[in-house]
Amino acid sequence: MAVFVLALSAACFLGLGFVLQQHAAQRAPRADLLHWRLLLDLLRMPEWLLGTAFMVTGLILSALALNKGEVSLVEPLLATNLIFAMALARVLTRQTLGRSGWAGVLLLALGVTAFIVAGRPTGGGAPASELRHWLVVGTVVGLTLLLISTARRLPLFEEATVLALAAGLLYGLQDALTRTTTQRLDHQGLDAVLRSWQPYAVVAAGVVGLLLVQSAFEAAPLRMSLPALTAAQPITGIACAVGFLGDRLRVTPGALAWQAAGLVAIVIGVVVIGRHPALPGTVGETLESIGEVPDDAVDDPARAPDADPTTDRPTDPTDPTDPD
């Protein structure tokens, strides 16, 4: 029961934090996209700092949940963060949930339930070899780099989705490595943790993932990024847990069928909720709905005054190849 409470509490804080962070990130300069100075600019925004405080709280709670339960159990529960994000966005936009919203919530809840009941995640499996460990980590990192490279050649809205997908891969890996770190801390002590590479990989994955997420939040409305992030994280986390943590799932034909159906329902539910009107399109739309319109709000990033119409990207005035 403690694992369920911790994981759902983590999902709540993560969902609220994502909404607040996206509101702030949309006001950052477009030229900061995928640059470290984006984080420096966001550090000066109180709303982003509050959202980050919520996110850090969620990460701490998720680490506690991962310490007490298997990644394969915790990850589907963390996917419910989108429901909490929708709840806050609904307050801001004053949108009713409607049939599509309830359908998404129901699909997500049924998917999580089906996967957990059918899979019956348990730990205690034989630890993977070092080679297998690195193969899984290398595969996730390689896919992440491939997605980032692909995203840079896409229009802003599509780029946001692909960047969020890359961040989800890193966050899923981070969750698996967090469990490895907490297990080593419990059994071998702090000295052994500090001498291993996993805690530093957790920090690196978190920092790079944060940059990718904030860039995705800056590039497009929340509904273009959060569904991809929320769907990719649990699937990657479960794959890593089975790949090198020794997590075990039931592998009977019936159980595998229900697990697959549960994962599909989770993904579809996440997408349906993410496309719901209650998730704000832009900062301008959201603040407009509560009677405030910021001077620098732009409804469509692709129509920003400093955007290149051929790529939907902002032009760089210092670029010598820019004809202007």
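In this text, all values refer to a predicted model and were calculated from it rather than measured experimentally.
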>> Show every salt bridge (Lys or Arg N to Asp or Glu O under 4.0 Å) that has at least one partner inside residues 133-147, sequence neighbours left out.
In response: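 Non-adjacent pairs meeting salt bridge (Lys or Arg N to Asp or Glu O under 4.0 Å): zero.
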
>> According to salt bridge (Lys or Arg N to Asp or Glu O under 4.0 Å), does anything in residues 195-215 pair up with another residue at least two apart or in another chain? List the pairs.
In response: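 For residues 195-215, and leaving out neighbouring residues, the salt bridge (Lys or Arg N to Asp or Glu O under 4.0 Å) pairs sorted by first residue read Asp191-Arg195.
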
> In Å and rounded to the nearest 0.5 Å, what is the CZ to CZ distance from Arg179 to Arg184?
Replying inline: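 Going from CZ on Arg179 over to CZ on Arg184, the span is 13.0 Å.
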
> Are the side chain of Glu75 and the backbone N or O of Val71 linked by a donor-acceptor pair below 3.5 Å?
Replying inline: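 Absent.
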
To check you understand the geometry: which heavy-atom pair defines the closest contact between [X] and [Y], and what is its length?
X: Lys68; Y: Ala2; answer: CD-CB, 4.4 Å
X: Leu107; Y: Gly269; answer: CB-CA, 3.8 Å
X: Leu245; Y: Ala176; answer: CD1-O, 3.6 Å
X: Val140; Y: Leu169; answer: CG1-O, 3.6 Å
X: Ala63; Y: Thr178; answer: CB-CG2, 3.8 Å

> Considering only heavy atoms from C-beta outward, does the side chain of Leu77 approach that of Leu6 to under 4.5 Å?
Replying inline: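 Heavy-atom side-chain distance check fails, nothing below 4.5 Å.
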
>> In terms of relative ring orientation, are Phe217 and Phe18 parallel, tilted or perpendicular, with 30° and 60° separating the classes?
In response: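 Ring orientation of Phe217 relative to Phe18: perpendicular.
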
> Same hydrophobic cluster for Met55 and Leu8, using side-chain heavy-atom links shorter than 4.5 Å among ILVMFWY?
Replying inline: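 Yes.
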
>> With a sphere of 6.0 Å drawn around CZ of Phe84, does it hold more than 12 non-hydrogen atoms of other residues, nucleotides or ligands?
In response: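 For Phe84, atom CZ is crowded (more than 12 foreign heavy atoms under 6.0 Å).
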
